Amino acid sequence: MVDVPPGLEEIRLHDTRTRETRRFVPLVEGRVGIYTCGPTVYAPQTLGNMRSQLFPDLLRRVLAAAGYDVTYVTNITDVGHLVSDADDGDDKMEKAAAASGETAADIAARYTEQWADDRRRLGCLEPDVLPRAADHIAEQIAMVETLEAQGHTYVIDDGVYFDVTTFPRYSEFADLRLDDLESTGRIEGIAEKRNPADFALWKLTPPGVKRQQEWDSPWGRGFPGWHIECSAMATRYLGTTFDVHTGGVDHIRVHHTNEVAQSECALDVHPWVGTWLHNEFLDLGGEKMSKSKGHVLVVDSLVERGIDPLAYRYFFLQAHYRQKQAFTFDAVAAAGTALRRLVGHAVSARDAAAAGAASGADAPDPARVDPYRRRFWAALADDLNAPQALAVVWEAVRSDELSPADRWAFLADADRALGFGLADAAAPDADESGSDPRIDALVAERATARAERDFATSDRIRDELAAEGIELIDTPTGTTWRRA
RNA sequence: GGCGUCGUGGCCGAGUGGCUUAGGCAAGGGACUGCAAAUCCCUGUACGCGGGUUCGAUUCCCGCCGACGCCUCCA
C-alpha cells in the first residue's frame with residue numbers, strides 16, 4: 001500500500017461539467033487517467049499556453065502523491081486545425097508551412113521539440129503518452145464512421161459534419177443557449193450546414209487542390225476536423241471513459257463541448273469524463289505593449305531577461321489555477337527571488353540533514369513534521385490551492401520548532417508537488433572561486449589590501465568586478481565570488 | 001449587445017460573518033561587515049463606491065463604477 005501523506009486522504013476538485021467542487025473518486029480504484037489538450041505546433045507556445053501545462057503537471061503530481069497510479073496523456077496537434085470553418089481549406093499548419101517555405105512536417109517537428117523543451121525547463125514531468133494526431137488518422141476515421149452509422153452525421157461539399165440536434169445534451173456541458181449562438185452568428189460561412197453549431201468531423205480537399213497533409217477516407221481525400229483527434233486519441237490510450245480531462249477555459253464552449261458530443265455518441269457513454277478541469281488565463285494586461293510590438297511571450301523571453309524558467313513555475317503556484325493571474329516580468333522576477341531563497345533554505349536544511357544522518361543524530365520527527373505536511377497537502381487537496389500550500393512551506397522554512405532534518409523531510413516531501421527539484425538543487429549562491437584565475441587573483445589582491453586596511457584599493461577592486469557582473473561574498477572564512 | 005468572472009496594503013496574490021484578520025516580493029528598522037553586497041531577524045500599510053441583511057461584513061444580498069474573459073476552432 002502506498003503511504004498517503006496526511007491531509008491528502010480526500011481530494012476535492014471543481015468539475016466544470018457539473019459546476020461543483022466535489023470529492024475525486026477514480027473510475028478504477030488506485031488508478032487515474034488524465035488527458036490534456038496539447039499544443040497545435042505551428043508556432044511557439046506562449047507563457048499563457050504553458051500555464052495550461054503547469055496546471056495538469058501540478059494535478060498529476062498531487063494525485064501521484066495521493067497514491068494513485070497516474071497515466072498522463074497529452075497530444076500534439078500537427079494536422080488540420082482550421083483557422084475557421086469559413087476558411088476554404090487553409091489551416092494553421094499549411095499556412096505556417098507556406099509562410100516559411102518549410103514542410104508542415106518540419107514545422108511540426110521543430111515546434112514540438114521546442115514545446116517539450118519548454119515543459120522540461122518549467123519542471124514538468126514527461127507525459128506517459130504523447131500521441132500525434134497525424135499518427136492516429138485511422139482511429140479518427142473509425143470514430144467518424146461509427147458516428148455516421150449511428151446517424152449523427154451528414155455530408156456536404158465541404159466535408160462530414162456532426163449534427164448537434166442528434167445529441168440532445170449538446171448544450172448541457174457548457175450551459176450553452178443555442179439561440180444565442182445563432183443570433184451572434186457563431187460559425188458562419190458554411191451555408192449548407194444544418195445548424196450553426198454543427199462542426200466538421202472530416203474536411204474534404206476541394207477538387208484540383210493538393211494539400212501537404214491529406215489522407216484518403218471513405219468520404220474522399222481530406223483531413224480530420226480538429227475536435228475528433230482528442231476523442232480518438234483519448235479513447236485509444238485511456239479507454240471509452242476516463243477520469244480527468246484538462247484544458248484552458250477557452251476550450252469549454254466549443255472544443256470540449258464538441259468532444260463530449262462526438263465521444264458520448266460514438267462510445268455510448270455518459271458521462272464520458274469523470275472530472276473536467278479548466279485553468280483560467282494568464283492576464284497579459286501589463287504586457288500588451290510587447291504583444292502589440294509583435295513579441296510573443298515565451299519561456300525564452302524570461303531567459304533573455306535573466307529569469308530562471310522555474311521562477312515562472314513558482315509564479316504559477318502563487319495563484320489559484322481557476323483565477324486569472326496578472327503577468328508582468330517584475331512579478332515573475334519577484335517569484336524568482338522567492339524561489340532562490342527557498343532553494344537556499346532547502347539546500348542548507350538538506351546538507352545539515354545529511355550531516356546529521358551521517359553522525360546518526362537528528363532524525364526527522366514525524367510529530368513535528370506531520371502538522372506541516374498535513375496543512376500543506378490539505379491545501380492542495382482542496383481544489384489544488386497551491387498559494388496556500390506555498391504559505392505553509394514558508395512557515396515551515398521559518399519555523400523554530402523544526403530541526404534542519406525536520407525541515408528537509410518536509411521540503412523533500414512537499415517538492416513532490418512543487419516540482420522545484422530541491423533534492424538535486426545547487427545552492428543559489430554557488431561559489432565560483434577557482435574557475436577563473438584572473439578573478440581569483442584580483443580577489444586575493446583585495447584580500448591583501450583589506451588585511452593592510454587599504455580600503456581604497458579593496459573597494460576599487462570590488463567596484464571593478466561589480467562592473468563586470470562579479471559579486472563578491474565576504475565571509476568570516478574568506479571571500480568567494482559568483483557571477484550575478 | 002448577451003453571458004460570465006473579478007476588483008484585497010507599493011506589487012503578485014490566498015482567505016474568512018467576529019479569532020494573533022495568509023504567503024511571497026518590494027519598503028523601513030536591526031544583526032553581520034572596515035563600509036558594502038549576500039544572508040538572517042523584526043515592522044508598517046488592505047479588503048473599488050453606495051445602500052441593505054446582521055449584535056457584527058472585507059466575507060451574504062442589491063445597485064453603481066472599473067478591469068478582464070467568452071459569444072469568431074485561441075491555453
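Quick caveat, the model's predicted, so the values are computed rather than measured. To find a chain, count down the sequence lines: A is the first, B the second, and so on, and within it residues start at 1.
Across all strands shown, nothing is found opposite rA38(B) as a Watson-Crick or G-U wobble partner with both distances under 3.5 Å. With a cut-off of 3.5 Å on both Watson-Crick or G-U wobble distances, the partner of rC60(B) is given as rG52(B). Nucleotide rC6(B) forms a pair with rG66(B), judged by Watson-Crick or G-U wobble geometry with both contacts under 3.5 Å. Nucleotide rU16(B) forms no Watson-Crick or G-U wobble pair with any nucleotide shown, as no partner meets the under 3.5 Å limit on both distances. Searching all strands for a Watson-Crick or G-U wobble partner of rA27(B) with both distances below 3.5 Å returns rU43(B).
Annotation: rG28(B) and rG9(B) have their C1' atoms spaced 15 Å apart (nearest Å). Taking the P atoms as reference points, rC60(B) lies 42 Å from rA38(B), given to the whole Å. Here the separation of rU16(B) from rC35(B), taken at their C1' atoms, is 47 Å to the nearest Å. The gap from the C1' atom of rC65(B) to that of rG30(B) amounts to 44 Å, rounded to the nearest Å. The C1' atoms of rA22(B) and rA46(B) are separated by 13 Å, rounded to the nearest whole Å. Atom P of rA75(B) sits at a distance of 48 Å from the matching atom of rU20(B), rounded to the whole Å. Distance noted for atom C1' between rU45(B) and rU8(B): 12 Å (whole Å). Remark: the separation of the C1' atoms in rU58(B) and rG13(B) is 15 Å, to the nearest Å.
Closest contact between the side chain of A391(A) and the listed nucleotides rG34(B), rA75(B), rA22(B) involves rA22(B). For Q318(A), counting side-chain heavy atoms from C-beta on, the closest listed nucleotide (rU5(B), rG34(B), rG23(B)) is rG23(B). Listed candidates were rG23(B), rA75(B), rG13(B). Nearest to the side chain of W394(A) is rG23(B). The side chain of H320(A) lies closest to rA14(B) when the candidates are rC40(B), rA37(B), rA14(B). Closest to the side chain of A326(A), out of rG13(B), rG34(B), rC25(B), is rG13(B). When each of rA14(B), rU39(B), rA75(B) is scored by its nearest atom to the side-chain atoms of Q323(A), the top-ranked nucleotide is rA14(B). Proximity note for N385(A) (side chain, C-beta onward) versus rG34(B), rG15(B), rA75(B): the nearest is rG15(B). Across rG24(B), rA75(B), rC35(B), the shortest atom-to-atom separation from the side chain of N279(A) is found for rA75(B). Among the nucleotides rA75(B), rG69(B), rA26(B), the one closest to any side-chain atom of S52(A) is rA75(B). Side chain of E471(A), nearest nucleotide from rC71(B), rC25(B), rA37(B): rA37(B).
The residue from E139(A), H136(A), R132(A) that alone fulfils the side-chain contact (heavy atoms from CB on, under 4.5 Å) condition with M233(A) is H136(A).
For I473(A) and rA36(B), the CD1 to P distance is 18 Å, given to the nearest whole Å. With rounding to whole Å, E259(A) atom CD is found 13 Å from rA75(B) atom P. Here rG23(B) presents its P atom at 19 Å from CD of Q325(A), a figure rounded to the nearest Å. Counting to the nearest Å, the P atom of rC40(B) and the CG atom of D474(A) are 17 Å from each other. In this structure, the CD atom of E464(A) is 21 Å from the P atom of rA36(B), given to the nearest Å. Following rounding to the nearest Å, L390(A) (CG) and rG24(B) (P) show an atom-to-atom distance of 9 Å. As rounded to whole Å, 14 Å separates atom P of rG23(B) from atom NE2 of H345(A). For the pair D454(A) CG and rG34(B) C1', the interatomic distance rounds to 12 Å; values are reported in whole Å.
Among the protein residues, I252(A) comes within range of no part of the nucleic acid, since none of its heavy atoms lies under 4.0 Å from any strand. Using a 4.0 Å heavy-atom cutoff across all strands shown, H256(A) reaches no nucleic acid atom at all. Nucleic acid contact for R446(A): base, since at least one base atom lies under 4.0 Å from a heavy atom of the residue. Heavy atoms of F315(A) sit under 4.0 angstrom from primed sugar atoms or phosphate atoms, though from no base atom. Residue contacts for D459(A): at a heavy-atom cut-off of 4.0 Å it reaches a base atom on one of the strands shown. Counting any heavy atom pair closer than 4.0 Å across all strands shown, S458(A) reaches a base atom. Using a 4.0 Å heavy-atom cutoff across all strands shown, R398(A) reaches sugar-phosphate atoms only and no base atom.
Residue H251(A) has no polar side-chain atom (N or O) positioned under 4.0 Å from OP1 or OP2 of rC70(B). The phosphate of rG24(B) has neither OP1 nor OP2 within less than 4.0 Å of any side-chain N or O from R340(A). Listed pair R341(A) / rC25(B) meets the phosphate criterion, a side-chain N or O lying under 4.0 Å from OP1 or OP2.
The distance from the CD atom of Q318(A) to the CD atom of Q323(A) is 14.5 Å, given to the nearest 0.5 Å. For the atom pair CG of D158(A) and NZ of K203(A), the computed distance is 3.5 Å after rounding to the nearest 0.5 Å. The structure places CD of Q140(A) at 11.5 Å from OG of S217(A), a figure rounded to the nearest 0.5 Å.
Stacking between F281(A) and rA75(B) is shown: the ring centroid lies under 5.5 Å from the centre of the six-membered base ring, and the planes differ by under 30°.
The distance between the ring centers of W276(A) and H255(A) does not fall below 6.0 angstrom.
Between W202(A) and W219(A), the ring-plane angle classifies as tilted under the 30° and 60° cut-offs. Aromatic ring orientation, F162(A) versus F199(A): parallel (interplanar angle below 30°, classes split at 30° and 60°). Under the 30°/60° scheme for interplanar angles, the aromatic rings of F173(A) and H256(A) are found to stand perpendicular.
Judged by closest nucleotide on RNA chain B, D382(A) is the one of G48(A) and D382(A) placed further toward the 5' end.
Scanning atom types as modelled, one donor and one acceptor separated by under 3.5 angstrom connect the side chain of R462(A) and the base of rC35(B).
I461(A) approaches L442(A) most closely through the heavy-atom pair CG2-O, 3.7 Å.
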